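A note on names: the letters A, B, ... follow the listed sequences, proteins ahead of strands, and every chain is numbered from 1. The basis for the numbers below is simple: all heavy atoms, side chains too, and nothing from hydrogens, waters or symmetry mates. This one's a predicted model, so the numbers in the text were calculated from it and none came from an experiment.
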Protein chains: 2
Amino acid sequence: MSHNTTAPSLDLIFAALADPTRRAILEMLLEDDMAVTDVAEPFEMSLAAISKHLTILMRAGLIAQEKRGRVKWCKLQPDAMRASSIWMQGFGQFEALDLEGLERFLEHELSGSAELDP
Amino acid sequence: MSHNTTAPSLDLIFAALADPTRRAILEMLLEDDMAVTDVAEPFEMSLAAISKHLTILMRAGLIAQEKRGRVKWCKLQPDAMRASSIWMQGFGQFEALDLEGLERFLEHELSGSAELDP
DNA sequence: GCTATATTCAACCAAATGGTTGACCAAAGC
DNA sequence: GCTTTGGTCAACCATTTGGTTGAATATAGC
């Protein structure tokens with residue numbers, strides 16, 4: 001409800017989402033919080049590369065990182081997606097500003113269904 | 001409901017949306033179709049630069065360009081936004097999307113204000 | 001205290017991005 | 001047929017991006 005301390009720009013968010021590796025990471029985090037090493041495991045690139053990707057995701061506000069012991073846990077930050085999602089909704093409505101679509105959208109939203117389709 | 005002939009990837013769409021100039025162009029096209037020169041007018045960069053931006057938007061499927069006479073008309077292609085919007089919804093649902101933000105958005109949209117903010 | 005584990009940092013590299021300019025092509029206007 | 005108008009193309013440039021490697025830091029385990 002309240003604004004974040006420093007709401008990251010659409011620039012940062014969309015740029016972060018433009019990379020397939022980073023989107024895959026986000027999808028992984030949808031299931032559970034993960035340590036950096038575990039995030040890196042399925043990818044064929046260096047740990048350092050993944051670390052960079054995580055930094056980009058964090059600066060976009062899409063994830064948060066919390067260090068517990070020597071392990072840094074990565075956690076999805078769904079709020080960050082909201083601004084860009086709303087921005088895009090504006091175009092979905094485009095077709096004659098159909099409130100029906102909006103209603104459907106709201107119903108869908110309120111019903112709390114959450115299908116992910118990779 | 002049917003797939004597009006060549007659905008552009010999320011990569012292309014998100015990358016296209018990551019640039020403020022391109023987002024501003026899309027918002028302009030939300031109001032009406034425009035010729036390339038007219039699209040370029042409010043910006044402080046060369047026509048060639050805008051032309052490049054438009055190419056990127058087109059390859060992402062976000063706009064279509066139709067040449068009538070010597071004028072090339074740019075038209076918003078809202079369907080292209082759907083795939084990425086749906087992808088994001090998957091994350092947004094998580095916390096049951098704030099209706100306030102949506103309302104604010106609608107007010108903004110319905111009031112017909114169109115601040116371009118470079 | 002040593003060693004292994006978790007993660008980042010720094011320097012580097014190739015390729016992509018966002019912009020410029022000037023030449024070019026195509027369609028109107030007179 | 002010139003000239004203007006609308007738009008792209010090509011070559012160039014600086015900066016950013018996405019990756020590498022090797023060294024550095026911090027915590028955990030023994």
| said: A side-chain contact here means heavy atoms from C-beta on lying under 4.5 Å apart; do Leu62(A) and Leu29(A) qualify? | reply: no
| query | Looking at side-chain heavy atoms only, is the closest gap between Gln65(B) and Val36(B) below 4.5 Å? | reply | yes
| said: In this structure, how many angstroms lie between the P atom of dT17(C) and the CE atom of Met45(B), rounded? | reply: 16 Å
| query | Atom CD1 of Ile25(A) and atom P of dG18(D): how far apart are they, to the nearest Å? | reply | 11 Å
| Close side-chain approach of Arg23(B) to Asp11(A), heavy-atom, < 4.5 Å | yes
| message | When you measure from the side chain of Arg22(B) to the backbone of Leu17(B), do you find a donor-acceptor pair of N or O atoms at a distance under 3.5 Å? | response | no
| request: Round to the nearest Å and state the distance from Glu41(A) atom CD to dT5(C) atom P. | output: 16 Å
| said: When you group the ILVMFWY residues by side-chain heavy-atom contacts below 4.5 Å and let the links chain together, are Met58(A) and Ile13(A) in the same group? | reply: yes
| field | Spacing of Asp19(B) atom CG relative to dT17(D) atom P, expressed in whole Å | value | 12 Å
| note | Of all heavy-atom pairs linking Leu30(A) and Phe91(B), the shortest is CD1-CD2, 3.8 Å
| task | Measure the distance from CZ on Arg59(B) to C1' on dT8(D) and round it to the nearest whole Å. | result | 14 Å
| Got a sec? Which of residues 64-74 of chain B come in under 4.0 Å of DNA chain C, heavy atoms? | Gly69(B), Arg70(B)
| message | Please give me every residue in residues 47-57 of chain A whose heavy atoms get under 4.0 Å of an atom in DNA chain D, ordered by residue number. | response | Ala48(A), Ala49(A), Lys52(A), His53(A), Ile56(A)
| field | Presence of Ser46(A) side-chain N/O under 4.0 Å of dG19(D) phosphate oxygens OP1/OP2 | value | no
| remark: Residues Gln89(A) and Ser85(B): closest non-hydrogen pair is NE2-OG, 3.5 Å
| remark: Distance col, row Leu57(B):CG vs Leu12(B):CG, nearest 0.5 angstrom, shows 11.0 Å
| query | Which whole-number value in Å describes the distance from Met34(B) CE to dG6(D) P? | reply | 13 Å
| request: Can you tell me the distance, in whole Å, between the CZ atom of Arg23(A) and the P atom of dG18(D)? | output: 12 Å
Distance-only donor-acceptor pairs under 3.5 Å for side chains of residues 42-51 of chain B, two or more places apart:
{"unit_1": "Ser46(B)", "atom_1": "OG", "unit_2": "Ala49(B)", "atom_2": "N", "d": "3.1"}

